[in-house]
Amino acid sequence: SDIGSQKERVVTEEEWLQKWETGNIRFHKEQGHPLLQKYLDVLLNGRSGLRIFFPLCGKAVEMKWLADMGHSVVGVEVSEQALKEFFSEHSLPYCEEPVSEISGGKMFQSTSGNISLYCCSIYDLSSSIVGKFDGVWDRGALVAVNPCDRQRYASLMINLMEKNSSYLLVTVSYDPNKHKGPPFYVPESEIKSLFG
């Protein structure tokens, strides 16, 4: 499980904000991710009206897609710009309110109420603030989390999941000695040790 020189790599919150400010967001997919469409049945498992969590959501178009299907979507993102762009790009009216449990935290909620996006560090969230989820779409979160924070991240995800929830995870496979990340390389053995 050699992750090369990536083990010590740390990307700061400021660096992520800078990516949004400068438009360096090659990780954003305008059309949504084909793997979510391919494995949607695994996520939904025949159920409707689910609560679905988008960790490090950015302005993922899949949030609107799932909300339009009747699901309730909750996301978290450190960039307020990304969240505001999500609502404006989909012409969705929203309201903004402070999150009393999180210093400086804000929540942006569609006026229809089925999309709630938290602007804060993911580690500021807990099930007492956001509840628990029937599904998680992790398209770029685990691979963006600093390697030293993976255990903390996985523990939070497990804590936010209902008993019968589904967790869809997308990772990337490459030689970690040739690319410093993010996205970071997460070996399958580590995914198994993190999530069981």
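Being a predicted model, the structure only gives us computed values, none of them experimental.
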Task: Stepwise salt bridge (Lys or Arg N to Asp or Glu O under 4.0 Å) check, Glu97 with Lys106 - done: CA-CA 6 Å; Glu97 57 188 63; Lys106 296 179 184 177; over 6 Å; no
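- By the 4.0 Å N-to-carboxylate-O rule, Glu85 lies close enough to Lys59 to be salt-bridged with it.
- Not one N or O on the side chain of His71 forms a donor-acceptor pair closer than 3.5 Å with the backbone of Leu66.
- Contact annotation: the side chain of Asp134 never approaches that of Ser166 to less than 4.5 Å [non-hydrogen atoms, C-beta and beyond].
- Crowding of Tyr167 atom OH: a count of heavy atoms from other residues, nucleotides or ligands under 6.0 Å exceeding 12.
- The shortest non-hydrogen separation linking Ala144 to Pro182 is CA-CB, 4.4 Å.
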TODO: Would you sort out whether Glu96 and Lys84 count as a side-chain contact (heavy atoms from CB on, under 4.5 Å), showing the intermediate values?
DONE: CA-CA 10 Å; Glu96 174 184 333; Lys84 287 181 173 177; 4.0 Å; yes
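- Ile115 places a side-chain heavy atom less than 4.5 Å from the side chain of Leu92.
- A salt bridge is absent between Lys19 and Glu15; no separation between the charged side-chain nitrogens and carboxylate oxygens falls under 4.0 Å.
- No option in Val78, Leu83, Val99 other than Val99 meets the side-chain contact (heavy atoms from CB on, under 4.5 Å) test with Tyr118.
- Within the 4.5 Å cutoff, no side-chain heavy atoms of Trp65 are placed close to those of Val73.
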Task: Stepwise side-chain contact (heavy atoms from CB on, under 4.5 Å) test for Trp137 and Met63 - done: CA-CA 10 Å; Trp137 171 235; Met63 294 189 290; over 6 Å; no
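- Looking at Met107 and Cys119, their side chains never come closer than 4.5 Å, going by heavy atoms from C-beta outward.
- Remark: side-chain polar atoms of Asn146 are not paired, donor with acceptor, to backbone N or O of Arg150 under 3.5 angstrom.
- Side chain of Glu77 to main chain of Ser79: a donor-acceptor pair is present (N/O by atom type, distance under 3.5 Å, no hydrogens or angles).
- The structure places CD of Gln6 at 8.5 Å from CZ of Arg9, a figure rounded to the nearest 0.5 Å.
- For Arg152 (side chain) and Asp149 (main-chain N/O), no donor-acceptor pair under 3.5 Å exists by modelled atom type.
- Taking all atoms of both residues into account, the shortest heavy-atom contact from Thr171 to Val143 is CA-CG1, 3.7 Å.
- Counting heavy atoms from C-beta outward, Ile122 and Tyr153 have side chains that approach closer than 4.5 Å.
- Using a distance-only test at 3.5 Å, with no hydrogens or angles considered, no donor-acceptor pair links the side chain of Arg51 to the main chain of Val74.
- The shortest distance between side-chain heavy atoms of Arg139 and Phe54 does not fall below 4.5 Å.
- What you find for Asp175 and Asn177 is that their closest heavy atoms are OD1-N, 2.8 Å.
- Remark: the backbone N or O of Ile102 is not paired with any side-chain donor or acceptor of Asp124 at under 3.5 angstrom.
- A donor atom on one side chain and an acceptor atom on the other are found under 3.5 Å apart for Ser110 and Asn114.
- The line from CD1 of Ile129 to OG of Ser127 is 9.0 Å long, rounded to the nearest 0.5 Å.
- Put simply, the side chain of Phe87 reaches to within 4.5 Å of the side chain of Leu117, judged on heavy atoms.
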TODO: Using the side-chain contact (heavy atoms from CB on, under 4.5 Å) rule, take Leu43 and Ile52 through it: C-alpha gap first, then chi angles, then the decisive distance, then the call.
DONE: CA-CA 9 Å; Leu43 182 67; Ile52 300 174; 4.3 Å; yes
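- Across all non-hydrogen atoms, the minimal contact from Gly32 to Val61 is N-CG2, 3.2 Å.
- The two residues Pro147 and Lys7 come nearest to each other via the heavy atoms CB-O, 3.8 Å.
- Residues Leu169 and Ile191 come closest through the heavy atom pair CD2-CG2, 3.8 Å.
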Task: Pair Tyr39-Val170, side-chain contact (heavy atoms from CB on, under 4.5 Å): steps then yes or no - done: CA-CA 11 Å; Tyr39 293 102; Val170 178; over 6 Å; no
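- A distance of 6.0 Å or more separates the ring centres of Trp20 and Phe86.
- Residues Val130 and Leu160 form a side-chain contact, since some pair of their non-hydrogen atoms from C-beta on lies under 4.5 Å apart.
- Distance alone, capped at 3.5 Å, places no donor-acceptor pair between the Ser165 side chain and the Met161 backbone.
- For the atom pair Leu36 CG and Glu62 CD, the distance stands at 5.5 Å (nearest 0.5 Å).
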